[in-house]
Amino acid sequence: MSFFRHPRSHEDFSTEIQAHLDLEADRLVADGWNRERAEAEARRAFGNVALVKERFYEKSRWVWLEQFIQDVRYAARTLRHNPAFFAMTALTLAVGIGLTTVAFTVFNAYVLRPYAVRQPSTLYQIGWRSQKSGGKAFRWIDYQELRDRVDLFDGVVAESTRFVTSQGRPLAAALVSDNYFDMLGPGVLFGRPSLERAEGNAVVLSHQAWSRLFARDPAVVGTDIDLNGHPFRIAAVLRPEFVGLDDSPRDIWVPITTYAALSDPNLIGVTERRIEITARLRHDISVEHARTALTPFMAAIVAEPGGGVRADVEPATRNPLSLEMLALFSPIFAAFALVLVTACANVSNVMLARGVARHREIAVRLSLGASRNRVVRQLVTEGLLISIVSGFTALAMSALALRAGVAAFFGTLPASVGGILRLVPLTLDHRVFLFALGTAVLATGLFALMPALQASRLSLIDAVRGSGGSGRHGSRLRQSLVIAQVAVSLVLVVVAVTLARNGIAVGSLNLGYQTDGVFSINVRGSDGDLLRRLAPLLATDPGVAEVAVTGGNPLFIRSRTIAAAAAGTRSAIATRYTFVSPAYFSLLRVPIVRGRGFFANEAQSEARVAIVSEATARQLWPGDDPIGKLINIERPEGRPVDELPGYEEVTVVGTAPDLVSGFIVDGLDPGHIYLPTTSNSSHAIAALIRGRTASDLGPNGLQDLFRRVAADPEVFELLPLEDLHALQIYPLKAASSVGFLLGALALILSMSGLYGVLTYMLSQRTREIGIRIALGATPGGVVQLVVRQSTRLAAIGGTIGLVVAFASLKTLDAAIHLNTIALIDAAAFAGGIAAVMAVAALAVYHPARRATRIDPAAALRAD
Amino acid sequence: MSTRRSERLQLMQGTLDVLILRTLIFGPEHGQGIARAIQQSSDNELLVEHGALYPALQRLEEKGWISATWGTSSNNRKARFYTLTKAGRNQLAHESTKWRRLAAAMSRVLGPEPEKG
């Protein structure tokens, strides 16, 4: 409580003391003294006035602040006089802090999830749940009913997400109820985001879409945008923070009723469940209450065979932070933090060396009566100043790096994927800001505190006399910092090379089929009927050479497995299966190895025949001819598979080579059973097409065809198989690029660290080397002296790095089982060692040359 | 004069606080008044360098045992007047008991005062 009281000013205190002296003098005068003597006596009785005032000053709470300001001023002056030192340390730290800030920004955007809407914590998503299943999709009429539940909600919005086409470009659209923006209240850049239609069909653009489609033209509000061939009026552009309520960022918000009237009447019909509902709960209603109150409604609208349908009211804006998430992020974060640690080690080293160079200054301050505490505080303040400057630099750098990173991300992604992939906005919000400054302050502890303690612990006499004497302790500290740097960079380089080599290996893996010129078509949403109508049209297109339908295209990660057993045996094996039309094998240029392909009539009737991969044939009938053999298909418990009624027994008619059809990193399919189908069947959910020439089928070439089947061509997802291939390798490539970047930075930092230590050692041993040269040491001998020092540090650091890299990769290798990934890679370790050796050699070059040029006479004369 | 001063008792640590609190029990007083009062009530036995009073007053004020306001002295000079707070009164009661017990115990240990030879 006393802390908050207004502090007493010095002036006030002085006045009180003066009053005291006057009163005492008055008193003495009344006793019969003359005025002059009375005043002198009052002063004498008081004692030392200055001392009392000083004690008052020292006791006042603001002293530390004043001293701090002094320290800051002094530090600023020192740094201004050493601009090179200042720039070097601040920049080194900024690189480290900037990198961790970049990592944190991504973490913040995807995991901590800032929701840029009004009162995000009162938003709940409505769903239902029963014993066996649950759902969040509703009919439009269900939404209309919930919208009127003012007893529970302050507002309810409906949303349905899909891709729409704007002049050939896919846009992620949120089809929303009119009250969407009024209820959520996201930040608006231009215009009024009102979907309550005044005139024309109002839509709202996201910041990303505005940047991408309109190059941030502020005049765009009020103009028209084409969606699926219909003009819409752009009513507003949102601020970058808001991209929707879930993981997938939206480009554009369209009033659902308008959209439905133009393109998709069933959307707001009475049968289709395609609406997601988010409600703002009234402040006086508990989640539990809302759940109970909605349960009768859910039970009435959801017909579940088992019954027991309950309402679900889940927070709509929960962040997905969990232990698994942290476990996933921590190694990535660790790699970034390691660079920060090397940066700190570097700066720490420079500070240590400077501490030695400033011995005399510090000694003078100590001998003039500064407390050790005060000297440490002074040095740490200097560090703090550097950190704050580098923290702000880091924020600026990470903003640039993020922009460059996002550009590089989309630049290197396959174009077709880049068009439909959206990143959540990576904004530098207050959390990122606090993180950067917090990291900077923490870094100060790492790089400034230790050298400060070290520097203040000096023998006054030695220091004032000028004989260095930093003590063995200081140089050992410096050396261990360099060793740590070398170790860290080796680890990063080894990991980067391992990732890169795996990326190349996986990329050049033979898939067993030809992807170039082949396009995959999937139906977005669940309308299977669309494919049935599209497939015959595809066959008539002059640009299309071949068409096949499948129960799931290769290189998509969804796979279906069944338990298959050779008839008459009981040992079933889990095997992937896919329904394919007869053209599948020829379209992908996959030869039938033995037997024959599917006949058209087999496909029409979905005959109980199968083509098996060679691996499956080997597993089921080792050493035997599989053609004509029977396979039993069942669940592991021996029951028939629900999705495959009537497929308990199929006859093998042919074998196909082993393919890579799932995760490329998993390698060749361990087994595969193909079953025949045609586009008429509900088993066919996707299509593959091959153009007559590679250029026949651009992404736009098929749009007209799509439009003949659906008002909204973007319900078909058209992707080159080649791009899917590239996309699968992409994470490895990206990770190795980031790894190389981090490794290179760490190498540069440890090189300059090593250089610093060697130079410092040289300056300490100038006299000794001078004597050696005077006594006849050859230049080679002197060079050896420096090289030995460098080699020793690099060797120790390298060994530690090798052990750490090996141990962590070994642990990782044990944890993941991917056929094509080899984490223990001799070449990577060799590369790491080579990199460290190169660094040691580069760092030693200049100091060694300098050592040979030491003039013995000059060296001995110094001091 | 100087010989008399050296014969006075030096104050032990912590005693000044009690003396100040005790003085203020008679009502608000300024620093100089407190110094005088301490000297007089101890029959000039206790030496208080007036300056030493102020850090003590500052300390007591911070602890909330006394409060201060600017006022006017009897001979019309501006002075800072200190008043005992409720907490200060409690503290004084507490400290007085402690001192009395200490003094009694000390005199018991030291025994009756020997006759001056």
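Reckoned from all heavy atoms, side chains included, excluding hydrogens, waters and symmetry mates.
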**Report entry** Closest heavy-atom pair and its distance - Y54(B), H20(A)
**Finding:** OH-ND1, 2.7 Å
Query raised in the report: Does some side-chain heavy atom of R80(B) sit less than 4.5 Å from a side-chain heavy atom of T15(A)?
Result: no
Query raised in the report: Quick one: are E16(A) and H30(B) in side-chain contact, heavy atoms under 4.5 Å?
Result: no
Report summary line: Closest non-hydrogen contact found for A79(B) with A19(A) is CA-CB, 4.4 Å
Query - Within 6.0 angstrom of R73(A) CZ, more than 12 heavy atoms from elsewhere - result: no
Query raised in the report: Among L23(A), L21(A), I17(A), whose side-chain contact (heavy atoms from CB on, under 4.5 Å) with Q32(B) holds?
Result: L23(A)
Report task. Any chance you could measure Q18(A), atom CD, to R77(B), atom CZ, to the nearest 0.5 Å? Result -> 8.5 Å
Report task. Nearest 0.5 Å please: distance from the CZ atom of R44(A) over to the NE2 atom of H50(B). Result -> 9.0 Å
**Report entry** Neighbour count >12 (heavy atoms, 6.0 Å) for atom CZ, R431(A)
**Finding:** yes
